[in-house]
Amino acid sequence: MIKTRVKELLDTCFAQGVAKGLWSGAGAGAYGVEVPKHEAHGDFSTNMAMVIAGLDKLKPREVAARLQEMLAAEPALVMKAEVAGPGFVNLFIRDEVWQAVLTTICDQQERYGLSSVGNGRRVLVEFVSANPTGPLSVGHGRQAILGDAIARLLAATGHEVTREYYYNDAGRQMRVLGESTRARYLELLGLPFQFPEDGYQGEYIREIAAELVAEAGDSLKACADVTPFKEKADKVIFANIVATLERLAIHFDSYYNEHTLYENGLVDDVVASLRAKGLAYDQDGAVWFKTTDFGMDQDRVIIKSTGEPTYRLPDIAYHREKFRRGFDWLVDIFGSDHIGTVPDVLAGVSALGYDPSRVSVVIHQFVTLTRDGKLVKMSTRKATFVTVDELLDEVGPDVVRFFFLTRKADSQLEFDLALAARESQENPVFYVQYANARLASIDRQAAAKGVARQPLAQVALARLSQPAERTMLKSLAAFPGLVEGAALDLEPHRIIFFLIDLAGQFHSYYNQHKVLSDDPELTQARLWLAEGLRLVFSNGLQLVGLSAPENM
RNA sequence: GCGCCUGUAGCUCAGCAGGAUAGAGCAACGGACUUCUAAUCCGUAGGUCGCAAGUUCGAAUCUUGCCAGGCGCGCCA
């Protein structure tokens, strides 16, 4: 990466200055390199002189001038260095350096942008984790897409990724679900029924009941046990969830049933471990976890006086189990409604001897749904939510995925259903995909004219001298660093904004300059630029799970 | 009351490990299709970066206090 080379050069200059006694070593590591907002300020800029001046009580512009002299000795990389403003040193990189990025891209092809920084680190990404009580809501959809994009980014940067869906089909929610199904079943048979007070009112329950009638007739009408109803609902709903995720091209490597933790004694074992460390105690008939030892304001119950565990006990056992299964890094994608559970789990992980910094929790804010500007309240139980399936019926997977990824997780996301259809016509996802399609079209056009790309080594890349070409080359060069940052910081939205920006650059260029022209040398250079762009669009889109169509 | 998140153009959002003149898309207005796909482009207009102090050469970015919205704060999950 070119930025890395610049940073190394600056480090060398800094050390030289120390050796020559121009300044002390106090500023080591304190200065930085950045890409200035304005092109007039160069390709890179450093605040090194100001940092040194501040620490050594020197004049910033004089320090900057010394640095400028040293940089002049590196003409292979730096074409020009300028002292500007209060003491910035602006670096102008040689055009050849930017042009050479095409060689890298064309060597690496669909691997350009990928890296090995992950170093094979095993990471478990847990997301969705919705219990099978109903179809996936739009909120789940956001999480599914966010988690999937993060998993893809981590995989692309050399991590060994496992995607896991954690669920519980044995709790109270599920019992109510079974009872709701039974009520609908009896209703369909025209028999007296009692709908549970807080039952699930969605239409899908009736459909499940209808299936039961078709399969079993009235043979279950006197069944006192809710299990057959619960199991049927579980099976149908889970299949529906998996099918919905399939529409979004999201696949899990494993589904982890909370029940496994109990069967294998892992929950009891956590309690025993905590007790052994003096971090669990009995009071009022319940078992408490001494979370105050971990900086929290009160202790928490892990086993109720009824003997049942609270949710946080299996959560802790589950996270320990992830570590025991050999994962180095645990990434949890949670909705903001679970924010309160995070400290409990982290305290549990610490208590059991694991490093909580190896757990990253991405909290995404809610999706607020509006219809014609009016807020739609969402509840699975009352069936007043909008499902991912309904959304997909209206706007298609790329639009939904792009829309959800075009915001950072921290932002609340407003989705107006009435606008959804219209949005789909104007969605910026098409803007980016269109750039890809146009580039593919240029390729086809070149082939039709019998113009083939010559080996890159023979191409006069120096002909790429337009400012717009230079800017695009810089963006292409920045792509791998961007992917790396987006992956390590778990922020897929950066990829989206990068692609939108690059598409804007390309569309503008396209309207102004011809790739295929009467000038064979220039055509060759531009064909390779087009190829570099095409690969970055295509790689970038696929990196976050979007399609890269060659025709639109 | 306490904790976390958010507040940037009319709308939806980037930018925030401090940096030079705060950006994009949509909406509005005016232009560009004998030329590689007009799902595009060019131009105009649009801002007390919630408010107020503080830190410093320099703050949308860091600190504190307010204001507004969201989510939590259970022997529910």
Side-chain angles (χ1 to χ4, degrees), chain A residues 32 34 36-38 40-41 45-47 50-51 53-54 60 84-88 90 129-131 133 168 171-173 258 283-288 296-298 300-312 314-315 334-343 361 363-366 368 373 403 406-416 419 422-435 437-446 448-449 451 489 493-494 496-498 500-501 503-504 506-517 523 526-527 530 549 551-552:
Chain A
E34 63 178 34
K37 271 182 250 176
H38 306 283
H41 294 148
S45 169
T46 181
N47 60 353
M50 290 181 288
V51 170
F88 290 104
N90 296 334
S129 297
N131 289 337
T133 58
N168 171 19
R172 199 189 70 90
Q173 279 179 36
E258 180 184 321
Q283 187 181 302
D284 304 330
V287 182
W288 297 69
M296 296 171 65
D297 56 353
Q298 54 183 311
R300 300 291 183 178
V301 170
I302 48 175
I303 298 177
K304 299 186 251 179
S305 52
T306 60
E308 288 175 303
T310 62
Y311 70 90
R312 57 179 73 85
D315 273 3
F334 290 160
S336 61
D337 55 337
H338 281 68
I339 195 156
T341 74
V342 175
V361 182
I363 300 282
H364 67 89
Q365 297 297 313
F366 271 24
T368 33
F403 191 87
T406 314
R407 289 129 243 245
K408 58 184 176 201
D410 285 342
S411 311
Q412 281 171 50
L413 192 160
E414 190 170 315
F415 201 111
D416 194 306
L419 282 174
R422 184 152 64 82
E423 285 275 327
S424 74
Q425 304 296 315
E426 294 157 4
N427 196 290
V429 69
F430 297 133
Y431 187 75
V432 177
Q433 289 178 329
Y434 187 47
R438 272 184 155 173
L439 286 157
S441 170
I442 290 173
D443 245 14
R444 288 191 296 268
Q445 200 67 34
K449 289 185 177 180
V451 180
D489 293 340
H493 75 273
R494 293 190 206 168
I496 301 291
F497 284 96
F498 170 85
I500 292 174
D501 179 67
F506 169 67
H507 285 311
S508 176
Y509 173 75
Y510 180 93
N511 274 272
Q512 215 178 334
H513 303 283
K514 298 281 289 184
V515 171
L516 306 171
S517 68
T523 298
R526 287 186 172 169
L527 273 174
N551 276 297
M552 284 177 75

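Protein chains get the first letters and strands the later ones, always in sequence-line order, with residue 1 at the start of each. Bear in mind the structure is a predicted one, so any value in this text is a computation, not a measurement.
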K.L.:
If I take atom NZ in residue A:K514 and atom C1' in nucleotide B:rC33, what distance separates them, rounded to the nearest angstrom?
P.N.:
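For the pair A:K514 NZ and B:rC33 C1', the rounded distance is 12 Å.
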K.L.:
Encode nucleotides 72-77 of chain B as B, S and - characters from 5' to 3', where the letter depends on protein heavy atoms closer than 4.0 Å: B to the base, S only to sugar-phosphate, - to neither.
P.N.:
S-SBSB
K.L.:
Testing the basics here: between A:P314 and A:E258, what is the closest heavy-atom pair and its distance to 0.1 Å?
P.N.:
CG-OE2, 3.6 Å
K.L.:
Quote, to the nearest angstrom, the P distance that separates B:rG25 from B:rC41.
P.N.:
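Those two atoms are separated by 8 Å.
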K.L.:
For the residue pair A:H41 and A:H38, categorise the inter-ring angle as parallel (less than 30°), tilted (30 to 60°) or perpendicular (more than 60°).
P.N.:
perpendicular
K.L.:
Enter syn or anti for the glycosidic conformation of B:rC5, syn applying to angles within 90° of 0.
P.N.:
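Classified anti.
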K.L.:
Do A:T46 side-chain atoms and A:G32 backbone N/O form a donor-acceptor pair below 3.5 Å?
P.N.:
yes
K.L.:
Could you check how far CE of A:M296 sits from P of B:rG3, rounded to whole Å?
P.N.:
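Atom CE in A:M296 sits about 14 Å away from atom P in B:rG3.
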K.L.:
What is the distance, to the nearest angstrom, from the CD atom on A:Q512 to the P atom on B:rC36?
P.N.:
16 Å
K.L.:
Looking only at side-chain N and O atoms, does A:K37 come under 4.0 Å of OP1 or OP2 in B:rG19?
P.N.:
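Indeed not, no polar side-chain atom of A:K37 lies that close.
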K.L.:
Compare every heavy atom of A:I442 with every heavy atom of A:Y510, then report the nearest pair and how far apart it is.
P.N.:
CE1-CD1, 4.0 Å
K.L.:
Answer with base, sugar-phosphate or nothing: what part of the nucleic acid does A:A437 contact at a heavy-atom distance below 4.0 Å?
P.N.:
base
K.L.:
Taking all non-hydrogen atoms of both residues into account, name the closest pair between A:A503 and A:A435 and its distance.
P.N.:
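It is CB-CB, 4.1 Å.
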K.L.:
Determine the interatomic distance between C1' on B:rU55 and the same-named atom on B:rG19; round to the nearest Å.
P.N.:
16 Å
K.L.:
Please check if the side chain of A:S45 supplies one atom and the backbone of A:E34 the other of a donor-acceptor pair under 3.5 Å.
P.N.:
no
K.L.:
Rounded to the nearest Å, what distance is computed from the CE atom of residue A:M552 to the P atom of nucleotide B:rA38?
P.N.:
13 Å
K.L.:
Report which part of the nucleic acid A:A84 touches: base, sugar-phosphate, or nothing (heavy-atom distance under 4.0 Å, all strands).
P.N.:
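Base contact - A:A84 has a heavy atom under 4.0 Å of at least one base atom.
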K.L.:
Could you work out the separation of B:rA14 and B:rG3 based on their P atoms and round it to a whole Å?
P.N.:
25 Å
K.L.:
To the nearest Å, give me how far apart CE (A:M50) and P (B:rA59) are.
P.N.:
13 Å
K.L.:
Which value, in whole Å, describes the distance between the C1' atoms of nucleotides B:rU63 and B:rG47?
P.N.:
25 Å
K.L.:
Which distance, rounded to the nearest 0.5 Å, do you find between the OG1 of A:T368 and the CD of A:Q365?
P.N.:
10.0 Å
K.L.:
Can A:Y431 be classed as stacking with the base of B:rG25, given a centroid separation cut-off of 5.5 Å and a plane angle cut-off of 30°?
P.N.:
no
K.L.:
With P as the reference atom in both, quote the distance from B:rC62 to B:rA20 in angstrom, rounded to an integer.
P.N.:
15 Å
K.L.:
A:I303 and A:V301: which non-hydrogen atoms are nearest, and at how many Å?
P.N.:
O-CG1, 3.5 Å
K.L.:
Restricting to non-hydrogen atoms, name the atom on A:Q283 and the atom on A:W288 that form the minimum distance, rounded to 0.1 Å.
P.N.:
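It is O-NE1, 3.1 Å.
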K.L.:
Can you measure A:I500 atom CD1 to B:rC26 atom P for me and round it to whole angstrom units?
P.N.:
10 Å
K.L.:
Of all the choices, B:rA20, B:rC5, B:rC36, which nucleotide is nearest to the side chain of A:L516 once you look at every atom?
P.N.:
B:rC36
K.L.:
Contact class for A:S508 (heavy atom, under 4.0 Å): base, sugar-phosphate, or nothing?
P.N.:
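Touches sugar-phosphate only.
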K.L.:
Using a 3.5 Å distance criterion without hydrogens, assess whether the side chain of A:T341 forms a donor-acceptor pair with backbone atoms of A:H338.
P.N.:
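Flag set: sc A:T341 to bb A:H338 pair under 3.5 Å.
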K.L.:
Distance between the C1' atoms of B:rA28 and B:rG46, in whole angstroms?
P.N.:
10 Å
K.L.:
Scan A:N90 against the nucleic acid and name what it touches under 4.0 Å (heavy atoms): base, sugar-phosphate only, or nothing.
P.N.:
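Counting heavy atoms under 4.0 Å across all strands, the contact made by A:N90 includes a base.
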K.L.:
Under a 3.5 Å distance rule, please check whether A:R312 uses its side chain to pair with a backbone N or O of A:I302 as donor and acceptor.
P.N.:
no
K.L.:
Where the side chain of A:F88 is defined as all heavy atoms beyond and including C-beta, which of B:rC5, B:rC41, B:rA20 is the nearest nucleotide?
P.N.:
B:rA20
K.L.:
Between protein and nucleotides 12-18 of chain B, map the contacts as a letter string: B base, S sugar-phosphate only, - none, heavy atoms under 4.0 Å, written 5' to 3'.
P.N.:
SSSSB--
K.L.:
Check every strand shown and say whether A:H513 touches a base, only sugar-phosphate, or nothing at a heavy-atom separation below 4.0 Å.
P.N.:
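Touches a base.
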K.L.:
Which atoms form the tightest heavy-atom contact between A:M50 and A:P60, and what is the distance?
P.N.:
CG-CB, 4.2 Å
K.L.:
Taking the same atom, P, in B:rA59 and in B:rA22, what whole-Å distance lies between them?
P.N.:
13 Å
K.L.:
Quick check: does any side chain N or O of A:H507 sit under 3.5 Å from a backbone N or O of A:Y431, one acting as donor and the other as acceptor?
P.N.:
yes
K.L.:
For B:rA32 versus B:rA38, give the span between their P atoms, rounded off to a whole number of Å.
P.N.:
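The answer is 16 Å between these two P atoms.
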K.L.:
Which of the following nucleotides, B:rC36, B:rU40, B:rA20, is nearest to the side chain of A:Y510?
P.N.:
B:rC36
K.L.:
Hunt down any stem RNA chain B takes part in, defined as 3 or more consecutive Watson-Crick or G-U pairs whose two distances are each under 3.5 Å.
P.N.:
B:1-7 with B:67-73, B:10-13 with B:23-26, B:28-32 with B:40-44, B:50-54 with B:62-66
K.L.:
Is A:D410 touching bases, backbone alone, or none of the nucleic acid, heavy atoms closer than 4.0 Å?
P.N.:
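Touches sugar-phosphate only.
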K.L.:
Measure the shortest side-chain to side-chain distance between A:V432 and A:I500 over non-hydrogen atoms and say whether it is less than 4.5 angstrom.
P.N.:
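In short, these two side chains touch, coming nearer than 4.5 Å.
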K.L.:
Separation of A:R526 atom CZ from B:rU35 atom C1', in whole Å?
P.N.:
14 Å
K.L.:
How many Å lie between CG on A:N551 and C1' on B:rC36, as a whole number?
P.N.:
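Rounding to the nearest Å, CG of A:N551 and C1' of B:rC36 are 14 Å apart.
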